[in-house]
S.K.: 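Below is the structure I would like to discuss, written out as structure tokens.
Everything numeric in this text was worked out from a predicted model, so none of it was measured.
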Amino acid sequence: MRLLLRSFCIFSKFISQKNTAATQRRDFNSAAMRLVQFCRHSDGKTIRVGVEKGEGLDVVDLNAFDPSMPSTIRELLELGDRGLQCAQRAIESGQCMVDRAQIQLLSPILAPEKVVCVGMNYRDHCLEQNAPIPNEPIIFSKFPSAITGPYDDITLPSESQEVDWEVELAFVIGRRGKHIREEDALSYVAGFTVANDVSARDWQMNRNGKQWLLGKTFDSFCPLGPALITTDAVKDPHNLGIRCLVNGDTVQSSNTDQMIFKTAALVAWVSKFVTLTPGDVFLTGTPPGVGVFRTPPVFLKKGDIVECQIDQLGSIINKVV
């Protein structure tokens with residue numbers, strides 16, 4: 001009887017400790033923030049990490065609040081709880097505020113180890129092409145050098161005449177993992193942001209053995225931003241309005257509920273093959289309305305203004321040059 005009682009007490013203590021740890025993790029994750037990378041107009045290209053008071057509002061300079069903090073969000077994520085807890089204290093302090101007009105926002109992630117992209121991941125986009133629904137995620141990549149800022153220019157390469165738009169929900173990995181279970185996958189996600197998977201269709205569909213990489217990875221072909229919105233600031237990432245406008249005209253309009261493979265499934269699937277690390281960026285696919293499937297096809301030209309919007313996350317606006 002004593003042995004049974006002792007075993008019960010040990011088991012109860014274990015469960016209590018496990019629940020306490022889970023509660024602490026939930027309490028920390030409940031910190032809803034909009035993390036940004038920026039440089040001040042007055043000090044050239046020095047990169048700093050900040051926290052927006054709200055979409056389009058002033059920014060708390062995290063490096064001024066705590067000089068021990070790193071100057072990139074990727075490095076901040078690598079610190080784990082310590083880095084994000086510092087960011088939370090900074091926004092709560094109301095100190096070290098920078099006027100929005102004094103800064104240039106950069107991509108929230110500048111040099112990820114990986115940019116993982118998912119093709120054919122919207123049901124309505126598959127219907128647009130009369131294509132079958134995939135049985136497993138279709139994975140390709142962009143080189144990290146394709147990433148550009150939320151308001152930077154998209155450069156038309158001389159090698160392509162068929163450059164297209166693709167608004168996409170993106171997410172960023174927050175901690176290292178391999179062979180991640182789907183039920184645990186969201187705990188590996190730091191937050192969400194807006195992306196444009198700019199695509200050279202002639203290279204994607206007709207050149208280089210029809211491999212997608214080269215058509216997807218020209219310089220400036222991955223505008224990203226404007227902020228990294230932490231997971232608990234997004235009520236349901238798979239029920240967000242998603243739109244793309246070209247010169248003010250809506251060309252894509254859908255909802256992320258059309259995604260075939262959701263965030264957790266993508267993390268679990270890709271982590272079967274590669275180790276995910278803090279700062280890795282996932283682009284999760286695009287809805288219908290891309291230029292290549294219009295009649296006749298429509299492609300971007302110099303002077304066009306492309307705006308990608310996702311509810312709760314914000315918008316990125318890029319001029320084509």
Side-chain angles (χ1 to χ4, degrees), residues 24-40 43-55 57-98 100 103-116 144 147-150 170-177 180 185-195 222-234 237 263 267 275-283 313-314 316:
Q24 289 173 343
R25 187 159 56 246
R26 283 196 301 270
D27 288 344
F28 170 64
N29 286 342
S30 66
M33 294 180 289
R34 298 179 60 91
L35 301 172
V36 296
Q37 287 185 153
F38 68 96
C39 60
R40 295 173 182 260
D43 67 357
K45 295 297 182 181
T46 302
I47 299 172
R48 306 179 75 84
V49 174
V51 189
E52 281 188 319
K53 289 183 64 179
E55 183 182 347
L57 301 180
D58 293 343
V59 170
V60 176
D61 186 337
L62 181 59
N63 301 116
F65 177 80
D66 184 345
S68 73
M69 287 293 104
S71 60
T72 70
I73 290 178
R74 177 181 175 181
E75 292 172 311
L76 187 74
L77 297 177
E78 289 172 346
L79 290 178
D81 285 359
R82 184 168 74 88
L84 294 181
Q85 286 170 350
C86 181
Q88 181 66 16
R89 290 195 302 273
I91 193 68
E92 290 172 351
S93 75
Q95 301 173 9
C96 305
M97 200 70 65
V98 182
R100 187 60 171 265
I103 65 174
Q104 174 191 354
L105 280 191
L106 309 173
S107 166
I109 300 291
L110 287 172
E113 184 178 282
K114 294 179 281 294
V115 181
V116 180
I147 290 177
T148 192
F171 65 83
V172 176
I173 296 297
R175 60 191 181 102
R176 186 181 183 89
I180 299 167
L186 290 180
S187 71
Y188 288 80
V189 176
F192 298 88
T193 192
V194 183
C222 190
L224 200 66
L228 178 64
I229 293 81
T230 54
T231 51
D232 275 25
V234 184
T263 299
V267 171
T275 300
L276 300 180
T277 61
D280 286 348
V281 177
F282 278 64
L283 275 60
L313 305 186
I316 58 177

S.K.: Applying side chain to side chain contact (heavy atoms under 4.5 Å, CB included), name anything that partners Met97, two or more places apart in sequence or on another chain.
M.R.: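 Counting only residues at least two positions away or on another chain, Met97 forms a side chain to side chain contact (heavy atoms under 4.5 Å, CB included) with Lys53, Asp58, Val60.
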S.K.: Could you give the distance from CG (Leu62) to OG (Ser71), rounded to the nearest 0.5 Å?
M.R.: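 Answer for the CG-OG pair, Leu62 versus Ser71, is 10.5 Å.
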S.K.: Applying ring pair (Phe, Tyr, Trp, His ring centres under 6.0 Å), can you list everything that pairs with Phe171, at least two apart in sequence or on another chain?
M.R.: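 Phe171 satisfies ring pair (Phe, Tyr, Trp, His ring centres under 6.0 Å) with Phe282 only.
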S.K.: Test side-chain hydrogen bond (donor to acceptor under 3.5 Å, both in side chains) on Arg175 and Thr277; report intermediate values, then the result.
M.R.: CA-CA 6 Å; Arg175 60 191 181 102; Thr277 61; over 6 Å; no
S.K.: For the residue pair Thr193 and Leu224, establish whether any side-chain heavy-atom pair is separated by less than 4.5 Å.
M.R.: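 Counting from C-beta outward, Thr193 and Leu224 do come under 4.5 Å.
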S.K.: Ignoring hydrogens, what is the shortest heavy-atom contact between Leu77 and Ile173? Give both atom names and the distance.
M.R.: CD1-O, 3.7 Å
S.K.: Please lay out, stage by stage, how Glu52 and Arg100 fare under the test salt bridge (Lys or Arg N to Asp or Glu O under 4.0 Å).
M.R.: CA-CA 9 Å; Glu52 281 188 319; Arg100 187 60 171 265; 2.8 Å; yes
S.K.: Begin with the C-alpha distance, continue with both residues' side-chain angles, and end with the deciding distance and a verdict on side-chain contact (heavy atoms from CB on, under 4.5 Å) for Phe38 and Ile47.
M.R.: CA-CA 6 Å; Phe38 68 96; Ile47 299 172; over 6 Å; no
S.K.: I need the minimum non-hydrogen distance between Glu113 and Pro144, along with the two atoms involved.
M.R.: O-CG, 4.3 Å
S.K.: Please check if any side-chain donor atom of Asp232 sits under 3.5 Å from a side-chain acceptor atom of Thr230, or the reverse.
M.R.: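 Absent: no donor and acceptor within the cut-off.
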S.K.: Would a distance-only check, ignoring hydrogens and angles, find a side-chain to backbone donor-acceptor pair under 3.5 Å from Asp61 to Ala64?
M.R.: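 Checking the backbone N and O of Ala64 against the side chain of Asp61, a donor-acceptor pair under 3.5 Å is found.
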S.K.: Counting C-beta onward and ignoring hydrogens, is there a side-chain heavy-atom pair between Val51 and Leu35 closer than 4.5 Å?
M.R.: yes
S.K.: For a quick test of reading the model, state the closest non-hydrogen atom pair linking Ser107 to Pro150 and the distance between them.
M.R.: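 Residues Ser107 and Pro150, closest heavy atoms: N-CD, 3.7 Å.
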S.K.: Between Pro278, Pro70, Cys86, which is the residue that forms a side chain to side chain contact (heavy atoms under 4.5 Å, CB included) with Leu79?
M.R.: Pro70
S.K.: Under the side-chain contact (heavy atoms from CB on, under 4.5 Å) criterion, do Ile73 and Ile109 qualify, and how do the steps go?
M.R.: CA-CA 6 Å; Ile73 290 178; Ile109 300 291; 4.0 Å; yes
S.K.: Taking the side chain as C-beta and beyond, is there a heavy-atom pair between Lys114 and Val281 under 4.5 Å?
M.R.: no
S.K.: Determine, step by step, whether Arg48 and Met69 satisfy the side-chain contact (heavy atoms from CB on, under 4.5 Å) criterion, reporting the C-alpha distance in whole Å, the side-chain angles of both residues, the deciding distance to 0.1 Å, and the verdict.
M.R.: CA-CA 10 Å; Arg48 306 179 75 84; Met69 287 293 104; over 6 Å; no
S.K.: Answer whether the closest heavy-atom distance between the side chains of Leu228 and Arg34 falls below 4.5 Å.
M.R.: no
S.K.: Less than 4.5 Å apart, side chain to side chain, heavy atoms only: is that true for Val36 and Val49?
M.R.: no
S.K.: Given side chains that start at C-beta, do those of Pro226 and Ile316 come closer than 4.5 Å, heavy atoms only?
M.R.: yes
S.K.: Closest heavy-atom contact between Leu110 and Leu106?
M.R.: CD1-CD1, 4.3 Å
S.K.: Do you know the tightest heavy-atom contact between Ala195 and Ala170?
M.R.: CB-CB, 4.0 Å
S.K.: Can you find a heavy atom in the side chain of Thr263 that is under 4.5 Å from one in the side chain of Leu186?
M.R.: yes
S.K.: Between Arg74 and Gln37, what is the shortest heavy-atom contact and its length?
M.R.: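 That would be N-OE1, 4.4 Å.
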S.K.: Return the CG to CD1 distance between Asp43 and Ile103, rounded to the nearest 0.5 Å.
M.R.: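 Nearest 0.5 Å value for the CG-CD1 distance: 11.0 Å.
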S.K.: For the atom pair CG (Leu283) and SG (Cys222), what is the distance rounded to the nearest 0.5 Å?
M.R.: 5.0 Å
S.K.: State, yes or no, whether a side-chain contact exists between Lys45 and Gln104 at a heavy-atom distance under 4.5 Å.
M.R.: yes
S.K.: Output the distance between atom CG (Asp81) and atom CD (Gln88), rounded to the nearest 0.5 Å.
M.R.: 12.0 Å
S.K.: Residues two or more places apart in sequence or in another chain: which of them pass ring pair (Phe, Tyr, Trp, His ring centres under 6.0 Å) with Phe192?
M.R.: none
S.K.: What do the steps show when you test Val267 against Leu276 for side-chain contact (heavy atoms from CB on, under 4.5 Å), and what is the final call?
M.R.: CA-CA 8 Å; Val267 171; Leu276 300 180; 3.9 Å; yes
